[in-house]
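Take a look at the structure below.
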Amino acid sequence: MDSFKELASRRRSHRKYSSQPVTEEELKTILGAALMSPTAKGLRKWHFVVTQDQERISRLGGIRTFGSSFLAGAPAVIAVLGEPSSQEMWIEDGAIAAVSMQYQAEDLGLGSCWCQVRGRESCEEGVSAEELVRRILDVGEKYSVLCLVAVGHPEDVRQPQDEAALKWDQVEWK
Ligand SMILES: Cc1cc2nc3c(=O)[nH]c(=O)nc-3n(C[C@H](O)[C@H](O)[C@H](O)COP(=O)(O)O)c2cc1C
């Protein structure tokens, strides 16, 4: 990558991945981007659960009736958790960490996609998507689950952002 501008333009969500594993070094680089990301009051209260366990990943793919199935083919999934009892801005902190990981993955030539967990129903009636993630990844009680970020070598071809279609009309200059 030549610049952040080019990275921002190239980053798209990838939902199909080859079977090539993501190396531990790549995962550490991606997690490092999360751990360096800005947090409200500098509290750094996020928590991340990384799994390359295909049985767990396959179950994560089935947590929602729509929007999670792409996870099942991913070589690695990172759950982004927060501690609402000690960081009221855990959602903002987690979102920034998740997106930082997505840009770092792109920079490594990897693809990624966010799967929303917070506030979503699961495919089991009356059970939240978060509850299923808790069971699958043994998430401790003090944490809340924001999202899952899948990472892998992309197999779907995505075009870069169309700069001519950017919503400049939604930007006010005063
Ligand atoms: C807060 C948030 C929630 C998202 N939830 C999902 C999801 O549950 N499933 C999914 O396939 N993609 C999800 N995405 C990815 C978006 O669909 C994607 O970013 C959007 O369509 C724009 O495409 P792009 O990332 O290729 O630019 C989510 C993205 C964000 C930021």
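Throughout, numbering of the chain's residues begins at 1 and tracks the sequence. One-based numbering, in listed order, for ligands and for the atoms of each.
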| Per-atom contacts of ligand 1 with Ser13, taking only distances under 4.0 Å to non-hydrogen atoms | 15 (C), 18 (C), 19 (O), 24 (P), 25 (O), 26 (O)

| request: Give a yes or no on whether a salt bridge exists between Asp107 and Arg10, defined as a side-chain N under 4.0 angstrom from a carboxylate O. | output: no

| Ile30 and Val50: same hydrophobic cluster, using ILVMFWY side-chain contacts below 4.5 Å? | yes

| query | What is the closest protein heavy atom to atom 6 (C) of ligand 1, and at what distance does it sit? | reply | Trp114 O, 3.1 Å

| Looking at Ser68 and Ile63, what are the two nearest heavy atoms and their distance? | OG-N, 3.7 Å

| message | For Glu155, I'd like to know if atom CD has over 12 heavy atoms of other residues, nucleotides or ligands within 6.0 Å. | response | yes

| query | Is the backbone of Gly140 close enough, under 3.5 Å, to the side chain of Arg134 for a donor and an acceptor to pair up by distance? | reply | yes

| message | Between Lys5 and Glu163, is there a side-chain heavy-atom distance shorter than 4.5 Å? | response | yes

| Proximal ligand 1 atoms for Arg64, defined as those under 4.0 Å from one of its heavy atoms | 7 (C), 8 (O)

| task | Have a look at ligand 1 and work out which part of Cys147, if any, has a heavy atom under 4.0 Å from it: side chain, backbone, both or neither. | result | neither

| Ionic contact status for Lys28 with Glu26, cut-off 4.0 Å | no

| task | Mark up the atoms of ligand 1 that fall under 4.0 Å of a heavy atom belonging to Cys115, in ascending order. | result | 7 (C), 8 (O)

| Right, does atom 20 (C) of ligand 1 have protein non-hydrogen atoms nearer than 4.0 Å? | no

| Backbone or side chain, does any N or O of Phe70 fall under 3.5 Å from an N or O of ligand 1? | no

| With the threshold set at 4.0 Å, does a side-chain nitrogen-carboxylate oxygen contact exist between Glu88 and Lys45? | no

| task | Check whether any protein heavy atom sits under 4.0 Å from atom 4 (C) of ligand 1. | result | yes

| field | Residue Gly67 vicinity, atoms of ligand 1 by number, heavy atom under 4.0 Å | value | 7 (C), 8 (O), 9 (N), 10 (C), 11 (O)

| said: Need the ligand 1 atom indices (1-based, order shown) with element for anything under 4.0 Å from a heavy-atom of Gln161. | reply: 27 (O)

| task | May I ask you to check whether Tyr17 and His153 place their ring centres under 6.0 Å from each other? | result | no

| message | For atom 17 (O) of ligand 1, tell me which residue out of Gln159, Arg15, Gln102 has the closest non-hydrogen atom. | response | Arg15

| Short list, please: which atoms of ligand 1 are under 4.0 Å from a heavy atom of Gln116? | 1 (C), 3 (C), 5 (N), 6 (C), 7 (C), 8 (O)

| query | Quick one: does ligand 1 sit under 4.0 Å from the side chain of Arg158, the backbone, both or neither, non-hydrogen atoms only? | reply | side chain

